[in-house]
Amino acid sequence: QVQLVESGGGLVQAGGSLTLSCAASGSPFRINTMGWYRQAPGKQRELVATITRGSNTVYADFVKGRFTVSRDNAKNFVYLQMNGLKPDDTAVYYCNAEILIAGRPYDYWGQGTQVTVSS
């Protein structure tokens, strides 16, 4: 019904930048909160940043001051601008969206995009 597709991952050196994008498409829907999570090898998936339809944001402590999440409600896109990347940021980054279908909330996930930061 709904698909989330991430893009923008890649390999960068420490201190570099990347911008991730996520596009939502499919059946008619309404998106409430969108955001980004990540999972590194041997670790659990963790929240990176979220943004509501009204552009209220939440950031994990380890990315505050370095990452910025934004969205385009008309296009159903969410972005993550990542600056000052560190090797510890290496992970698969997943797009998440809380979507209302027939008035009921569902969580949707993208397939992830790999971010690798070299030292």
Side-chain angles (χ1 to χ4, degrees):
Q1 293 183 336
V2 179
Q3 295 81 42
L4 303 178
V5 180
E6 304 99 332
S7 62
L11 173 64
V12 298
Q13 294 183 334
S17 299
L18 285 173
T19 298
L20 306 183
S21 300
C22 174
S25 62
S27 300
F29 59 85
R30 181 180 179 87
I31 300 178
N32 291 331
T33 301
M34 299 185 73
W36 294 92
Y37 294 72
R38 72 186 188 186
Q39 187 166 18
K43 295 185 177 180
Q44 294 183 321
R45 188 172 298 187
E46 61 186 352
L47 181 146
V48 176
T50 62
I51 182 167
T52 68
R53 174 169 288 271
S55 296
N56 294 315
T57 58
V58 174
Y59 292 96
D61 287 342
F62 53 80
V63 302
K64 285 190 298 186
R66 299 189 296 127
F67 293 6
T68 302
V69 64
S70 60
R71 66 186 290 172
D72 184 328
N73 291 332
K75 297 169 63 176
N76 289 323
F77 270 48
V78 64
Y79 307 93
L80 185 68
Q81 181 182 331
M82 304 184 293
N83 299 321
L85 285 162
K86 307 174 182 179
D88 285 348
D89 295 320
T90 296
V92 177
Y93 284 70
Y94 297 91
C95 179
N96 171 264
E98 181 188 80
I99 297 175
L100 295 180
I101 302 176
R104 306 179 71 86
Y106 298 87
D107 273 330
Y108 280 80
W109 295 89
Q111 293 298 306
T113 184
Q114 177 70 47
V115 172
T116 302
V117 184
S118 65
S119 59

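The chain is numbered in sequence order, starting from 1.
- Applying the 6.0 Å contact sphere to CD of Q3 captures more than 12 heavy atoms from other residues, nucleotides or ligands.
- Under the 30°/60° scheme for interplanar angles, the aromatic rings of F67 and Y93 are found to be tilted.
- The closest side-chain heavy-atom distance from R30 to R53 is below 4.5 Å.
- The backbone N or O of Q111 lies less than 3.5 Å from a partner atom in the side chain of E6, making a donor-acceptor pair.
- Hydrophobic clustering (ILVMFWY, side-chain heavy atoms < 4.5 Å, transitive): Y59 and V48 are in one cluster.
- Annotation for S17 and V12: closest pair O-CG1, 3.9 Å, computed over non-hydrogen atoms.
- Minimum interatomic distance between G9 and T113 (heavy atoms only, all atoms of both residues): N-OG1, 3.2 Å.
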Could you go through the side-chain contact (heavy atoms from CB on, under 4.5 Å) check for I31 and V78 one step at a time?
-> CA-CA 11 Å; I31 300 178; V78 64; over 6 Å; no
Show your reasoning for whether side-chain contact (heavy atoms from CB on, under 4.5 Å) applies to T50 and V69.
-> CA-CA 7 Å; T50 62; V69 64; over 6 Å; no
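- By the rule that hydrophobic residues join a cluster once side-chain heavy atoms approach within less than 4.5 Å of another member, L47 and V92 end up as members of one cluster.
- Within the structure, side chain to side chain donor-acceptor pair (under 3.5 Å) pairs that include any residue of residues 62-74 comprise D61-K64, R66-D89, R71-N73 (at least two apart or interchain).
- Here the CG atom belonging to N56 is positioned 8.0 Å from the CD1 atom belonging to I51, to the nearest 0.5 angstrom.
- With hydrophobic clusters built from ILVMFWY side chains whose heavy atoms lie under 4.5 angstrom apart, V115 does not share a cluster with L11.
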Is there a side-chain contact (heavy atoms from CB on, under 4.5 Å) between K86 and F62 once you walk through the steps?
-> CA-CA 10 Å; K86 307 174 182 179; F62 53 80; over 6 Å; no
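- The two residues T90 and V117 come nearest to each other via the heavy atoms OG1-N, 2.9 Å.
- Between A40 and A91, the shortest heavy-atom contact is N-CB, 3.8 Å.
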Could you go through the side-chain contact (heavy atoms from CB on, under 4.5 Å) check for W109 and C95 one step at a time?
-> CA-CA 6 Å; W109 295 89; C95 179; over 6 Å; no
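- Y37 and L85 end up in different hydrophobic clusters when Ile, Leu, Val, Met, Phe, Trp and Tyr side chains are linked at under 4.5 Å.
- Residues satisfying the ring pair (Phe, Tyr, Trp, His ring centres under 6.0 Å) criterion with F77, sequence neighbours excluded, are Y79.
- Taken from CG in N96 to OG1 in T33, the straight-line distance is 8.5 Å, to the nearest 0.5 Å.
- The two residues L18 and G8 have their closest heavy-atom pair at CD2-O, 3.7 Å.
- Connection of L20 to Y94 is not established within any shared hydrophobic cluster, with ILVMFWY side chains joined at heavy-atom distances below 4.5 Å, either directly or through further cluster members.
- The minimum heavy-atom distance between D88 and R38, with the atom names listed, is O-NH2, 3.9 Å.
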